[in-house]
Amino acid sequence: MAEKFFLDKRPHNGYTFSEYVEVLSNKINSTDITKLSGEELERFETTKLNFQRISRINKSYTVSENLTSKIKQIDKPQLWMVLTEDWCGDSAQNIPYISKMAECNPLIDLRILIRDENPDIMDLYLTNGTARSIPKLIAFDLVGNELFQWGPRPVEGQKLVDKAKAEGKTKEQFLNDLHLWYGRNRGKNLEEEFSNLFDIVFSYSS
């Protein structure tokens with residue numbers, strides 16, 4: 001049975017990727033940084049950096065032929081709901097790839113919801129049952145049945161973070177390592193994970 005938030009069409013009314021990018025751009029251009037301090041200023045600076053990351057990936061990435069073929073095999077409408085925040089580095093490093101994937105098939109409707117504006121939805125999709133980690137993608141069919149989930153980061157990226165924490169690295173250090181990994185990986189692991197996910201969920205052959 002579909003969740004109430006789906007029946008209320010809250011995901012359907014989320015941002016498209018282009019709308020989300022426009023909102024992000026407007027926020028950056030209209031914010032008076034002299035009125036920000038502490039965490040607000042730090043998050044704003046991170047948001048600006050994330051906008052650059054999103055723009056770079058959006059301009060340079062093309063979905064591989066293999067994954068494009070699998071996505072085009074989807075023959076029924078799907079809604080891909082992504083929960084995010086503009087200050088989230090993992091979101092900036094993954095959502096542009098996911099958007100390009102969704103563009104491969106007109107039956108896929110990608111919609112972006114702001115996590116902290118939708119806490120009740122976020123709490124249905126916690127990571128390890130406790131963490132409101134983002135980005136979180138949940139795919140639904142037309143009537144709201146869940147098809148699959150993904151997030152908040154590729155497995156290899158998570159291993160890197162776990163290893164860094166075990167080694168006692170600071171948050172600043174392990175985030176720097178993580179973004180270096182994202183830059184070098186260029187969506188390769190993300191593509192592999194989605195390819196494997198589609199093989200399992202939709203019974204595709206390689």
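Below, each value reflects all heavy atoms present in this structure, side chains not excepted, and no hydrogens, waters or symmetry copies.
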Answer yes or no: is there an ion pair linking [X] with [Y], defined by an N-O contact shorter than 4.0 Å?
X      : Y      : answer
Asp120 : Arg10  : yes
Lys76  : Asp141 : no
Arg132 : Asp116 : no
Lys188 : Glu191 : no

Could you pull out the closest heavy-atom pair between [X] and [Y], with the gap in Å?
X      : Y      : answer
Gln149 : Ile138 : CG-CG1, 4.0 Å
His179 : Asp90  : CE1-N, 4.5 Å
Thr84  : Ser91  : OG1-OG, 2.6 Å
Pro152 : Asn94  : O-ND2, 4.1 Å

The test is side chain to side chain contact (heavy atoms under 4.5 Å, CB included); show your working for Ile98 and Trp150 and say whether it passes. CA-CA 10 Å; Ile98 294 171; Trp150 180 90; 4.1 Å; yes

Side chain of [X], backbone of [Y]: donor and acceptor closer than 3.5 Å?
X      : Y      : answer
Asn176 : Glu172 : no
Glu22  : Glu19  : no
Asn50  : Asp86  : yes
Glu193 : Leu190 : no
Thr47  : Arg43  : yes
Lys136 : Tyr125 : yes

Is [Y] close to [X] at the side-chain level, that is, under 4.5 Å between some pair of heavy atoms?
X      : Y      : value
Ile95  : Val82  : yes
Gln73  : Ser69  : yes
Ile134 : Met122 : yes
Phe140 : Leu147 : no
Glu3   : Leu124 : yes
Pro135 : Leu83  : no
Tyr20  : Ile114 : yes
Val155 : Asn189 : no

For residues [X] and [Y]: do they belong to one hydrophobic cluster (side chain heavy atoms under 4.5 Å, members Ile, Leu, Val, Met, Phe, Trp, Tyr)?
X     : Y      : result
Ile57 : Met101 : yes
Ile28 : Phe17  : yes
Val21 : Tyr15  : yes
Leu67 : Val201 : yes

Nearest 0.5 Å, what's the [atom1]-[atom2] distance between [X] and [Y]?
X      : Y      : atom1 : atom2 : value
Ser64  : Lys70  : OG    : NZ    : 8.5 Å
Ile74  : Phe198 : CD1   : CZ    : 5.0 Å
Leu180 : Asn185 : CG    : CG    : 12.5 Å
Glu146 : Met81  : CD    : CE    : 8.5 Å
Glu39  : Thr46  : CD    : OG1   : 10.0 Å
Leu113 : Glu85  : CG    : CD    : 11.0 Å

Taking atom [atom1] as the centre, does [X] end up with more than 12 heavy-atom neighbours from other residues, nucleotides or ligands that are less than 6.0 angstrom away?
X      : atom1 : answer
Glu65  : CD    : no
Arg56  : CZ    : yes
Leu126 : CG    : yes
Glu45  : CD    : yes

I'd like to know if the side chain of Thr130 pairs up with that of Asn128 as donor and acceptor (distance under 3.5 Å, no hydrogens or angles considered).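 Per modelled atom types, Thr130 and Asn128 side chains form no pair under 3.5 Å.
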
Is there a donor in the side chain of Asn196 and an acceptor in the side chain of Glu192, or the other way round, less than 3.5 Å apart?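 No, no side-chain donor-acceptor pair sits under 3.5 Å.
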
Check side chain to side chain contact (heavy atoms under 4.5 Å, CB included) between Leu142 and all other residues, then give those that pass, not counting sequence neighbours.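 Pro77.
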
Connected hydrophobic set around Leu175, excluding itself, where side chains approach under 4.5 Å: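 Other cluster members: Leu160, Val161, Phe174, Leu178, Trp181, Tyr182.
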
Any pair with a residue in residues 95-110 that passes side-chain hydrogen bond (donor to acceptor under 3.5 Å, both in side chains), sequence neighbours left out, goes on the list, sorted by first then second residue, please.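 Counting only pairs at least two positions apart or across chains, the side-chain hydrogen bond (donor to acceptor under 3.5 Å, both in side chains) contacts touching residues 95-110 are Asp109-Arg111.
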
Could you walk me through whether Leu197 and Phe202 satisfy the side chain to side chain contact (heavy atoms under 4.5 Å, CB included) test, starting with their C-alpha distance in whole Å, then the side-chain angles of each, then the deciding distance to 0.1 Å, before giving a yes or no? CA-CA 8 Å; Leu197 193 58; Phe202 305 116; over 6 Å; no

Would you call the rings of Phe148 and Trp80 parallel, tilted or perpendicular, taking 30° and 60° as the class edges?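 Ring orientation, 0 to 90° scale: perpendicular.
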
Ring-plane angle category for Phe6 and His12, please: parallel below 30°, perpendicular beyond 60°, tilted otherwise.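 Plane angle over 60°, so perpendicular.
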
Check the pair Leu137, Phe194 against side chain to side chain contact (heavy atoms under 4.5 Å, CB included), reporting the backbone distance first and the verdict last. CA-CA 11 Å; Leu137 163 66; Phe194 270 76; 3.6 Å; yes

